[in-house]
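See below for the structure under consideration.
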There are 2 protein chains.
Amino acid sequence: MHIRNLAAADPQLADDHSCFGCPVRDLAICNSLTQIELAVFRDSGSKRRLQPGEPLCWEGDEAAYVYTVTRGTLRLSKLLSDGRRQVTGFAFPGDFLGVTMEDEHPFTAEAVSEVELCQYRRSRFDAFVDSHPHIERRLYSAAASELAAARDQLVLLGRKTAAERLASFLLQMTRRSEQSPGKPLRATLPMTRTDIADYLGLRIETVSRELGMLKTSGLVRMVGVHELWVLDREGLELRGAD
Amino acid sequence: MHIRNLAAADPQLADDHSCFGCPVRDLAICNSLTQIELAVFRDSGSKRRLQPGEPLCWEGDEAAYVYTVTRGTLRLSKLLSDGRRQVTGFAFPGDFLGVTMEDEHPFTAEAVSEVELCQYRRSRFDAFVDSHPHIERRLYSAAASELAAARDQLVLLGRKTAAERLASFLLQMTRRSEQSPGKPLRATLPMTRTDIADYLGLRIETVSRELGMLKTSGLVRMVGVHELWVLDREGLELRGAD
DNA sequence: CGAGCGATTGATCGCCATCAAAGTGGGTGG
DNA sequence: CCACCCACTTTGATGGCGATCAATCGCTCG
């Protein structure tokens with residue numbers, strides 16, 4: 001077999017990219033870099049694209065890379081030995097994947113929609129962090145906010161009813177969905193009902209049923225399967241407990 | 001009222017302390033400090049003691065201090081508006097309390113047993129971290145391991161049965177309990193059944209019943225209410241799923 | 001038009017919560 | 001020292017929420 005241009009041969013390796021005009025320029029870890037630092041940083045990474053359903057990494061595999069999501073949604077999940085699945089979170093544009101001190105990925109990450117990421121070798125990333133201490137602060141901040149989200153999810157899974165879980169989830173999703181001023185609050189749900197169920201510790205039938213309840217109560221309205229309008233925000237917040 | 005010696009008047013403020021001979025010297029955040037740094041750090045903190053049941057801080061209150069646990073066990077919990085409680089974790093000697101970027105405590109912390117902590121004003125602690133960047137790394141590491149633990153708990157709460165939750169919990173507690181070589185694996189359970197139930201997303205009756213099952217199966221044996229011997233570790237691990 | 005997958009809706013089951021009562025053990029005061 | 005109390009734990013009986021099993025719907029794609 002001939003040795004050929006790797007970037008052309010491997011669809012995972014897209015062409016080099018510029019950070020200027022990056023859609024998550026203000027959100028991501030890299031926003032704490034100066035222009036000069038950014039140029040160095042950029043050159044150590046590459047772009048990567050995933051199709052819906054395509055895995056980025058598997059729980060337990062060696063964590064050779066860290067990533068910043070620039071487009072699309074990923075599903076982060078852990079499995080029990082018998083196949084039961086818990087979705088521990090979703091990753092959206094601007095999110096950093098790589099908060100761990102272990103050598104192994106703490107979860108499986110799979111594309112829910114079409115996804116684009118910036119990818120950096122972990123070894124190089126660590127070296128870069130070592131020489132730019134203020135990035136460490138940014139990483140710590142990312143870890144702390146992931147931790148806060150995880151604790152809220154502990155309360156949801158440990159103590160909320162199915163109806164409360166769904167209401168909380170939908171409100172959470174409105175915060176990560178684009179809104180148009182003057183229009184009703186929206187939530188984009190790129191994931192399947194199975195993903196939602198595995199995130200909320202429920203079965204898909206329950207998710208479907210509770211969603212039905214919210215619809216007949218006039219609190220929300222589905223526009224297709226993946227877009228939802230919140231017609232009564234207060235009512236939904238009331239059902240979310242907290 | 002007379003102004004008197006504050007340290008004597010306020011039982012929370014114990015006398016100044018030395019870090020040498022500290023029981024968690026090797027575990028805690030401070031273990032990444034040189035002797036000189038440590039001397040500076042120590043002088044900015046004070047010791048604090050809590051009686052069983054006594055609160056250290058309340059969820060939502062201003063987080064004016066950070067702490068390192070030197071003795072005893074704390075219960076970390078969050079409440080829903082109607083009083084349902086989720087214990088998000090326990091803190092043991094060596095653990096650091098203060099991983100957050102918010103101004104408010106992310107949970108209520110209460111002493112389970114008699115507790116001793118080292119206490120630092122958050123403002124001073126932050127300043128110290130600023131001038132000692134390698135501490136930031138240590139903090140990040142603490143956040144990452146808390147995050148990993150929280151994700152495991154998400155799987156437990158979202159997907160495990162009552163029996164599996166209890167088995168996982170007991171095995172987890174053996175890791176934080178002192179062991180004597182040659183003797184059976186032990187777990188010290190300083191917290192009440194209510195605390196365990198609120199940690200595992202169950203009710204106390206269920207905890208008690210499942211514990212009964214493990215006893216009659218010959219997997220464990222209770223020695224008093226707060227100490228447990230693991231008679232069949234493999235059997236217990238089997239019941240913990242994962 | 002038919003295959004196939006995801007979502008919805010309906011019927012029944014089972015795990016764990018709830019309600020109830022008895023047991024245990026540590027601390028206090030007589 | 002013992003009787004009593006109170007909080008915590010254990011054990012028993014019943015019920016409900018969400019899981020499971022099953023059938024249908026609806027959309028996309030070949």
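Per chain, numbering begins at 1; letters A, B, ... match sequence-line order. No experiment lies behind these values; they were computed from the predicted model shown.
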Checklist outcome for this item: 5' to 3', nucleotides 5-11 of chain C under a 4.0 Å protein heavy-atom cut-off (B base, S sugar-phosphate only, - none) gives --SBBBB
Heavy-atom count around [X] [atom1] within 6.0 Å, excluding the residue itself: above 12?
X	atom1	result
B:Glu114	CD	yes
B:Arg233	CZ	no
B:Gln51	CD	yes

Checklist entry - With a cut-off of under 6.0 Å to the ring centre and 45° to the axis, is A:Arg221 in cation-pi contact with A:Trp229? => result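 Judged by the rule, A:Arg221 and A:Trp229 form a cation-pi pair.
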Checklist entry - Does B:Asp198 come within less than 4.0 Å of B:Arg75, counting only side-chain N to carboxylate O? => result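 No, this pair does not count.
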Item to check | Strand contacts (DNA chain D) in residues 157-169 of chain A, 4.0 angstrom heavy-atom criterion | outcome: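 Here the set is A:Thr161, A:Ala162.
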Checklist entry - B:Arg203 CZ to C:dA20 C1': how many Å, rounded? => result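 Rounded to whole Å, this separation is 15 Å.
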Next on the checklist: Please report the distance, rounded to the nearest Å, between CZ in A:Arg84 and P in C:dC15.
Outcome noted: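 Atom CZ in A:Arg84 sits about 13 Å away from atom P in C:dC15.
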Strictly distance-based, threshold 3.5 Å: is any side-chain N or O of [X] a donor or acceptor partner for the main-chain N or O of [Y]?
X	Y	result
B:Gln86	B:Tyr199	yes
B:Gln153	B:Ala150	no
A:Thr68	A:Phe96	no
A:Arg71	A:Glu116	no
A:Asp95	A:Leu97	no

Next on the checklist: For the helix from C:dC1-D:dG30 to C:dG30-D:dC1, what angle separates the axis at the start from the axis at the finish, each from five pairs, in steps of 10°?
Outcome noted: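 Rounded value for the end-axis angle: 30°.
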Item to check | Pairing residues for A:Trp58 by the side chain to side chain donor-acceptor pair (under 3.5 Å) criterion, not counting sequence neighbours | outcome: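 If we apply the side chain to side chain donor-acceptor pair (under 3.5 Å) test to A:Trp58, skipping adjacent residues, there are no hits.
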Item to check | side chain to side chain donor-acceptor pair (under 3.5 Å) involving B:Glu210 - partner list, sequence neighbours excluded | outcome: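 Here no residue qualifies.
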Next on the checklist: Using a 4.0 Å cut-off to any heavy atom of chain B, which nucleotides of DNA chain D are the first and last in contact, reading 5' to 3'?
Outcome noted: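 The contacted stretch runs from D:dT9 to D:dA13.
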Checklist entry - Base, sugar-phosphate, or nothing for B:Gly53, non-hydrogen atoms under 4.0 angstrom? => result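 If one applies the 4.0 Å heavy-atom cut-off, B:Gly53 turns out to touch nothing in the nucleic acid.
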Next on the checklist: Students often get this wrong, so: under 4.0 angstrom with heavy atoms, is B:Gly201 touching a base, only sugar-phosphate, or nothing?
Outcome noted: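 The residue B:Gly201 makes sugar-phosphate contact but no base contact.
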Next on the checklist: Any non-hydrogen side-chain atom of B:Thr70 less than 4.5 Å from a side-chain atom of B:Pro93?
Outcome noted: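 B:Thr70 vs B:Pro93: side chains apart.
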